[in-house]
Amino acid sequence: MASSAAFFLLVVAALLLHFHCCHGQGIAGNGGAVAAIYSLGDSITDTGNLIKEAPPGAFETIKHLPYGVTLGYPTGRCSDGLLMIDFLAQDMGLPFLNPYLAKNRSFDHGANFAVAGATAMDPADQFNGSSSSMPFTVNSLKLQLRWFMNFMKSSFGTDQEIRKRLQSSLVMVGEIGGNDYNFAFFGNKSMREVEKLVPGVVKTIIDAAKEVLEMGASKVIVPGNFPIGCIPGYLTSMASSEPSAYDSMGCLKELNLFAAKHNSKLQRAIADLRASYPDTSIAYADYFNSFFSLLKGATELGFDASSTHKACCGAGGKYNYDETKMCGVEGTTACTDPSAYVSWDGIHMTQAAYKAMSRLIYHGRYLQPQILNFPEGNGQT
């Protein structure tokens, strides 16, 4: 009888050990539940910071419809509606993240420091003050990180309290770095010149991740870059007369190879980061392959397969994109059903596409490794 009881206890202990090892990796407190999300990044994540800091008259288009048309009003998001970060928060059972620069808002469940147009590297360092290629915002990752540190200090006071808070939080470091390359490419830099930026961009991202880990973060996600050769803006501005320049999906091969090189270097750096912080959970969000998965399954996901490379809002042309007439200005129109399109304005995605991406990444196989625990039933529809 005693031996049977001992055997039963051993079985229970083994099951508990299995559950602990295989379902959520070493996250302190509350069974791995996330109490708050803190986000750094660019327009893929910005929920309203750019329009809060922009001078009067600047970036008027994202302050007005048709931006936000699916919600019925503009929010400062670069889309017709919600972003991946919104769906992630929703699926974690949290409210949408308020932009850090907003006044009189609640930050009880996190804050969003991302700014549309932001670069990873400081613009002054990367562009050497050249006005022809300088980005329209100076809110680099370094500045966002400073905002984050100041916010945590003012909100929680001591290092101990900050660490306690971060132990039950998720920190998103990106997506960031895409604009470093965008501004260089659109500033007529050659592929060879832009490739030279990759080590510095990746190092800047990893250094920021180290900073938040040193502050006490135990759950960090670092996303990679999209296959930019599939984006209407690039398909228009870098169109080629050579059929061999395109892959079977109709994307520009050279640009996608460049994005893949960035992602490969970033993933190796993340692996090194995990080795340096073995008691934390650090995941890579694979935007590259999840986007391809979305394109391949466009019809099943509810998108118009003939419009996967066309912007919903634009001024016409093969990809409905014209860099001189961006969505929202006179001469542009928005499609009647954004949910049938992957691209919103030729640069950013629609709410429907962001939702699909969020499900593919955070509930699928494109978060490597899976470090999130969702409340039961969330994110299943």
Side-chain angles (χ1 to χ4, degrees), residues 42-44 46 50 58-70 74 77-81 83-84 116-117 132-133 135-136 175 178-189 191 194 225-243 245-247 249-256 258-259 287-288 291-292 294-295 298 303-354 356-357:
D42 56 24
S43 58
I44 304 303
D46 184 2
L50 180 63
F59 313 108
E60 284 298 319
T61 54
I62 64 172
K63 299 177 185 177
H64 303 286
L65 294 171
Y67 282 86
V69 66
T70 297
R77 291 168 173 81
C78 294
S79 182
D80 63 301
L83 312 177
M84 276 188 280
S132 63
S133 56
F136 49 75
E175 189 269 339
N179 284 323
D180 297 65
Y181 307 135
N182 293 339
F183 292 123
F185 278 126
F186 292 126
N188 296 317
K189 299 290 185 183
M191 179 63 72
V194 182
N225 200 357
F226 292 92
I228 58 176
C230 301
I231 295 172
Y234 274 110
L235 285 166
T236 301
S237 63
M238 297 191 175
S240 174
S241 60
E242 294 294 329
Y246 299 86
D247 63 17
M249 302 291 292
C251 304
L252 287 162
K253 291 191 285 190
E254 186 179 30
L255 285 169
N256 283 349
F258 168 79
Y287 285 11
F288 189 94
F291 190 88
F292 269 124
L294 184 154
L295 290 182
F303 299 102
D304 176 7
S306 66
S307 300
T308 53
H309 294 323
K310 294 180 181 178
C312 165
C313 182
K318 183 176 181 180
Y319 302 105
N320 196 29
Y321 177 85
D322 183 340
E323 64 181 6
T324 67
K325 291 183 180 180
M326 298 297 289
C327 175
V329 305
E330 186 177 353
T332 63
T333 57
C335 63
T336 56
D337 183 12
S339 68
Y341 283 71
V342 172
S343 177
W344 164 243
D345 58 9
I347 301 294
H348 309 98
M349 298 167 72
T350 60
Q351 171 178 293
Y354 279 134
M357 287 282 289

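The minimum heavy-atom distance between Leu295 and Cys251, with the atom names listed, is CD1-SG, 4.3 Å. Heavy-atom minimum distance, Phe292 versus Pro227: CE1-CB, 3.8 Å. Annotation for Ser306 and Asp304: closest pair OG-OD1, 2.8 Å, computed over non-hydrogen atoms. Listed here is the closest heavy atom pair of Pro338 and Trp344: CG-CZ3, 4.3 Å. Of all non-hydrogen atoms in Met84 and Tyr354, the two that sit nearest each other are CG-O, 3.3 Å. What you find for Ala353 and Tyr341 is that their closest heavy atoms are CB-O, 4.4 Å.
Using a 3.5 Å distance cut-off with no hydrogens or angles, the side chains of Ser43 and His348 do pair a donor with an acceptor.
Asp247 places no side-chain N or O within donor-acceptor distance of the main-chain N or O of Lys253, the cut-off being under 3.5 Å. Distance alone, capped at 3.5 Å, is enough to place a donor-acceptor pair between the Asn256 side chain and the Gly229 backbone. Thr332 places a side-chain N or O within 3.5 Å of a backbone atom of Val329 that can act as its donor or acceptor partner.
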- request: Walk me through it: do Met349 and Phe291 pass the test side-chain contact (heavy atoms from CB on, under 4.5 Å)?
  value: CA-CA 11 Å; Met349 298 167 72; Phe291 190 88; 3.8 Å; yes

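Rounded to the nearest 0.5 Å, atoms OG1 (Thr324) and CG (Asp322) are 3.5 Å apart. Here the CG atom belonging to Asp46 is positioned 12.0 Å from the OG atom belonging to Ser79, to the nearest 0.5 angstrom. One finds the CG atom of Leu252 at 8.5 Å from the CE atom of Met238 (value rounded to the nearest 0.5 Å). For the atom pair CG (Asn182) and CD1 (Ile347), the distance works out to 6.5 Å, reported to the nearest 0.5 Å. Here the straight-line distance linking atom OG1 of Thr236 with atom NZ of Lys310 works out to 11.5 Å at 0.5 Å rounding. Taking CD1 from Ile44 and CG from Leu83, the interatomic distance works out to 8.0 Å, rounded to the nearest 0.5 Å.
In this structure the side chain of Met357 reaches within 4.5 angstrom of the side chain of Leu294, judged on heavy atoms. Side chains of Asp80 and Tyr67 form no contact here, defined as non-hydrogen atoms less than 4.5 Å apart. Here the side chains of Cys312 and Asp337 are not in contact, with every heavy-atom distance at 4.5 Å or above. By the 4.5 Å heavy-atom criterion applied to side chains, Asp42 and Glu175 are counted as neighbours. Residues Tyr321 and His309 have side chains not in contact (no heavy-atom distance under 4.5 Å, counting atoms from C-beta outward). Looking at heavy atoms from C-beta onward, Leu50 lies in side-chain contact with Ile62 at the 4.5 angstrom threshold.
Listed by chain and residue number, Ala311 satisfy the side-chain contact (heavy atoms from CB on, under 4.5 Å) test with Asn320 (two or more places apart in sequence, or in another chain). In terms of the ring-ring contact (aromatic ring centres under 6.0 Å, His included) criterion, residue partners of Phe258 (sequence neighbours excluded) are, by chain and number, Tyr181, Phe185. Listed by chain and number, the residues in a side-chain contact (heavy atoms from CB on, under 4.5 Å) with Ser237 are Phe186, Tyr234 (sequence neighbours excluded).
Checked against the 2.5 Å cut-off, the SG-SG distance between Cys313 and Cys327 falls under it.
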